[in-house]
Amino acid sequence: MSEFIIYNTLSRKKEIFEPLNPGHVGLYVCGPTVYGEAHLGHSRPAITFDLLFRYLKHLGYKVRYIRNITDVGHLVNDADEGEDKIARKAKVEELEPMEIVQLYTNSYRRNMAQLNVLPPSIEPTASGHIIEQIATVQKMIDSGFAYVVNGSVYFDVEKFASVHPYGKLSGRKIDDLYTNTRDLDAQSEKRSSLDFAVWKNASPEHIMRWPSPWGDGFPGWHTECTAMSTKYLGEPFDIHGGGLDLLFPHHEAEIAQGVACFGHDPVRYWMHNNLITINGQKMGKSLGNFITLDELFSGTHPLLEKGYSPITIRFFILQAHYRSPLDFSNEALQAAEKGLERLLKAVSLIDGLQPAEHSTIDVAGLKEKCYAAINDDLNTPVLIAHLFDGVKIINSVNDGKASLNLTDLGILKKLYSDFVFDILGFKSETASGGAEKEEALNHVVDLLLNLRIEAKKNKDWATSDKIRNSLAELGFEIKDTKEGFTWELKK
RNA sequence: GGUCGGUUGGCCGAGUGGCUAGGCAGCGGUCUGCAAAACCGCGUACGGCGGUUCGAAUCCGCCAUCGACCUCCA
């Protein structure tokens, strides 16, 4: 079998994946800031790295997958006058900040479960790791790359850049950064506009605050990831993932912080998923063009012609490569819905296929192609294309137009169970929707009873009795009335 | 303005120096009482202009255009 290759943003190349400790993989992914409902944009990294998590496990690795919950709030504006995002929302809704956090954490987890995204091994919260973050900040001060001003601690980017490369992940040059940010903050307490807060002094009205050696405050945005990833995965660790929009400054800052704390790069493989666009534009909270997952599932959004099931969304996302942009449209979603249905329908036929003496199809070759696709930097669109080739095989065998021997049938069965359900994480959703099913049942019974009325008109007593008696056997009590009929289901 | 990335058939979306994914929609056929499903076949696309090459959608250059990042965002 081919080797598993992933694209490393750090080298801008595809590299063979080899974990630091044979048999074990440490994976860290930037999770959500829980100050709003999860939207379509959140689903892409979750699904992308869920796929990675599932595939690594399929390969036999023991994976520790960490996905954080950011619940201490980032700064709203530039570091200085910023108000805590979560605190601000709390004031608006007159709730405790931690109520907001809990509310949206719950809804995020619920949405992820709907998308069949597996829970990570650990889901650490920033507020639960203040002590670790203070220790991390202290390390940066001790190493000389962070300085204290008025109860805040800033990372000294210029000093760092004079001894270590800064900007290597995002390809930025420090001189360019200067020319682009020069005019931003005239009266900043920062030594340089490029410096970023690793600990921020809390103003008296700031609600989310914790005591620290530098006074009451709260951690800077980038601090939690450095503290929590290395706490649970060590340093360096194998894979760090996240959205492309986090590449700069967040991930760049993480590298700098890691180097400052440990003297070496904290991460071996950096992976970034591309973004979902809507009408060609990034879907984002600040742009106000996002569709929440609940709206997407129910269809309650002006841009939606109808609701799309969670697994349809999953299929839609995995039908594009994770490093390519993906544009949202009703047409594309509907195509995904139909394609998924065809795939799952064929898979459901596999168990009923009859083995033949000889195979007319190269199933082993199909399996090889599937592994080659996923091994090539998680190329799910190509993988899914191969699985559709298999759909034709399955349907042809089912129609008696092709045949498979017992061995090949076994391979096929395992292949689809592994890839469709375990790795890609699709599942059949037809059994869901209790209310809709009941509604449909009502219509079906009405339909039968209307047929019975027609039969009675035609004096076709055999048919009319058959309908009534058969329904009675199933537990339906039928009463004829002047207007027609009534019925109820007796238990 | 700086940096990076994209531009593929009606739509979505892979890919690659010659062997021309896949899905959805469409058309023709087989099957079917009719339909649906399924299967078979069809459409020969790669932003524009140059260049390299026996050969480019794939490499190089220029232009156009769209987007991302440079501020919180997945």
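In what follows, chains carry the letters A, B, and so on, assigned in the order in which the sequence lines appear, proteins first and then strands, with residues in each chain numbered from 1.
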Is there a side-chain contact between [X] and the phosphate of [N], meaning an N or O under 4.0 Å from OP1 or OP2?
X: A:R342; N: B:C39; result: yes
X: A:N379; N: B:G15; result: yes
X: A:K338; N: B:A25; result: yes
X: A:S324; N: B:A14; result: yes

Requested in this report: Output the single nucleotide from B:A68, B:A14, B:C39 whose closest atom is nearest the side chain of A:K392.
Outcome: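 From the listed options, B:C39 comes nearest.
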Query raised in the report: Picking from B:A37, B:A21, B:A68, which would you name as closest to the side chain of A:K345?
Result: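 Comparing B:A37, B:A21, B:A68 against the side chain of A:K345, the answer is B:A37.
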Taking atom [atom1] in both [N] and [M], what distance in whole Å separates the two?
N: B:G10; M: B:G43; atom1: P; value: 14 Å
N: B:G61; M: B:G67; atom1: C1'; value: 23 Å
N: B:U7; M: B:C63; atom1: C1'; value: 14 Å
N: B:G55; M: B:G23; atom1: C1'; value: 31 Å

Query raised in the report: Contact class for A:L247 vs. all strands (heavy atom < 4.0 Å): base, sugar-phosphate, or nothing?
Result: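 Nothing: the residue A:L247, judged by heavy atoms under 4.0 Å, touches no strand.
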Requested in this report: Using a heavy-atom cut-off of under 4.0 Å over every strand shown, decide if A:N398 touches base, sugar-phosphate, or nothing.
Outcome: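 Result for A:N398 = nothing.
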**Report entry** Ring-ring centroid check A:Y7 A:H321, cutoff 6.0 Å
**Finding:**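 No - the distance between ring centres of A:Y7 and A:H321 does not fall below the 6.0 Å cut-off.
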Requested in this report: Determine whether the aromatic ring centres of A:F290 and A:F328 lie less than 6.0 Å apart.
Outcome: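 A:F290 vs A:F328: aromatic centres not under 6.0 Å.
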**Report entry** Pair assignment for B:G47, Watson-Crick or G-U wobble, requiring both distances under 3.5 Å
**Finding:**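 Partner of B:G47: B:C63.
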**Report entry** Strand partner of B:G1, provided both Watson-Crick or wobble distances fall under 3.5 Å
**Finding:**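 Across all strands, the one nucleotide that pairs with B:G1 is B:C70.
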Query - Nucleic acid contacts - residues 326-336 of chain A versus RNA chain B, non-hydrogen atoms under 4.0 Å - result: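 Contacts with RNA chain B under 4.0 Å: A:L326, A:D327, A:E331, A:A332, A:A335.
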Query - Residue-level proximity of residues 37-50 of chain A to RNA chain B when a heavy atom falls under 4.0 Å - result: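 Within residues 37-50 of chain A, the residues near RNA chain B are A:H39, A:G41, A:H42, A:P45.
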Query raised in the report: Is the base of B:C69 touched by the side chain of A:R172 through a donor-acceptor pair closer than 3.5 angstrom?
Result: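 A donor-acceptor contact between them is present.
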Query raised in the report: Taking 4.0 angstrom as the limit, do A:R314 and A:E429 come out as a salt bridge?
Result: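 No.
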